[in-house]
Amino acid sequence: LRRYERPVWSLVCRILGRAGRHGVAQDVAQDALLGVLRGLPRYDLDHRATLTTWVLTIAARTAISELRRGRGDAAPLTECDLVALERPDAALERERLGAAITEAVEHLSPEIRAAFVLRAFHELSYEEIAAILELDLGTVKSRLWRARAALQRRLSEVHRDR
């Protein structure tokens, strides 16, 4: 579990986005790791999926289920966020771009977001993503295309607004 704690946490946070604040992401990551523990006796060593893929499958599904429940609320800007917005330097520009990307990812549907996060942040192959999300390879490619197109649209709007 220690080996997979960070990848599970990272995946859950990225799928939940702002909805993951206020401890929800921590709870979901713990639920996912508990699911791994409970399912470990049923894990088939001869299974096509690697153990990493299997663990991330459980984490992704747990996070998607949480998003569908819609319990997490976006947190308001903190005082630190407001101070950062007033800093006119290159670091601020990177922070703004990062925030714009995060916001754009959060506007993706849970299913499209999960595929995008698994590819962009966890660098999984299309085949691994298909196995994790139990989708056809063509569906994974389609979702990733839609994710990239949506992100490109949203980020071009941010760029225009400057």
Side-chain angles (χ1 to χ4, degrees), residues 1-40 43 49-85 94-135 139-158:
L1 286 179
R2 284 190 185 116
R3 177 178 178 204
Y4 294 105
E5 190 173 27
R6 274 204 151 133
V8 165
W9 169 253
S10 176
L11 177 65
V12 165
C13 284
R14 286 190 170 110
I15 290 176
L16 292 179
R18 284 189 212 167
R21 294 188 183 171
H22 304 298
V24 173
Q26 187 173 9
D27 292 344
V28 171
Q30 287 178 358
D31 288 347
L33 290 171
L34 282 172
V36 168
L37 271 177
R38 288 185 194 119
L40 203 52
Y43 178 73
T50 65
L51 185 59
T52 300
T53 302
W54 182 74
V55 169
L56 292 178
T57 298
I58 293 170
R61 290 182 185 160
T62 305
I64 290 169
S65 293
E66 180 64 29
L67 270 179
R68 286 183 180 147
R69 279 189 215 108
R71 291 187 301 183
D73 293 324
L77 288 176
T78 65
E79 187 176 323
C80 294
D81 293 331
L82 295 173
V83 169
L85 290 174
R94 283 192 303 276
E95 287 176 23
R96 284 183 178 161
L97 180 58
I101 291 170
T102 299
E103 184 177 338
V105 170
E106 289 176 9
H107 281 88
L108 299 172
S109 71
E111 293 80 10
I112 292 174
R113 184 187 311 177
F116 178 77
V117 167
L118 289 168
R119 179 69 177 169
F121 297 105
H122 293 273
E123 300 176 348
L124 296 181
S125 70
Y126 290 2
E127 292 80 9
E128 290 171 313
I129 296 168
I132 287 172
L133 300 177
E134 294 183 333
L135 300 170
T139 304
V140 169
K141 290 178 181 180
S142 172
R143 286 184 181 181
L144 289 171
W145 183 88
R146 285 189 268 159
R148 289 181 193 116
L151 293 174
Q152 187 175 25
R153 274 192 312 276
R154 278 200 152 305
L155 291 176
S156 69
E157 291 171 7
V158 169

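All heavy atoms count here, side chains included; hydrogens, waters and symmetry mates do not.
With a 4.5 Å cut-off on side-chain heavy atoms, R113 and L67 count as touching.
Counting only distance, with no hydrogens or angles, the side chain of R143 and the backbone of F116 share no donor-acceptor pair below 3.5 Å.
Nearest heavy atom pair, residue R148 against residue R119, reads NH2-CG, 4.2 Å. Looking at every heavy atom in both residues, A60 comes nearest to I132 through CB-CG2, 4.1 Å. When all heavy atoms of A25 and V12 are compared, the closest pair comes out as O-CG1, 3.6 Å. Here the closest heavy-atom approach between residue L16 and residue A63 is recorded as CD2-O, 3.6 Å. In plain terms, the two heavy atoms of V140 and I129 that are nearest each other are CG1-CG2, 3.7 Å. Here the closest non-hydrogen pair linking A104 and L151 is CB-CD2, 3.3 Å.
The side chain to side chain contact (heavy atoms under 4.5 Å, CB included) test applied to S142 returns R146, not counting sequence neighbours. Applying the side chain to side chain contact (heavy atoms under 4.5 Å, CB included) test to S65 and every residue at least two apart in sequence or in another chain returns R69. In terms of the salt bridge (charged side-chain N to carboxylate O under 4.0 Å, His left out) criterion, residue partners of E134 (sequence neighbours excluded) are, by chain and number, R61. Residues passing the side chain to side chain contact (heavy atoms under 4.5 Å, CB included) test with A150, sequence neighbours excluded: L108, R153. By the side-chain hydrogen bond (donor to acceptor under 3.5 Å, both in side chains) test, R14 is found to be paired with S10, residues two or more places apart in sequence or in another chain being considered. Judged as a salt bridge (charged side-chain N to carboxylate O under 4.0 Å, His left out), and not counting sequence neighbours, E128 has no contacts.
Residue Y4 forms a side-chain contact (heavy atoms from CB on, under 4.5 Å) with just one option from I58, L56, T52, and that option is T52.
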Could you list the donor-acceptor pairs under 3.5 angstrom formed between side-chain atoms of residues 28-40 and any protein atom two or more places apart in sequence or on another chain?
none

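Within the model, atoms CD of E111 and CD1 of I15 stand 10.5 Å from one another, a figure rounded to the nearest 0.5 Å.
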Report task. Decide yes or no on side chain to side chain contact (heavy atoms under 4.5 Å, CB included) for L118 and L133, but give the supporting numbers first. Result -> CA-CA 10 Å; L118 289 168; L133 300 177; 4.2 Å; yes
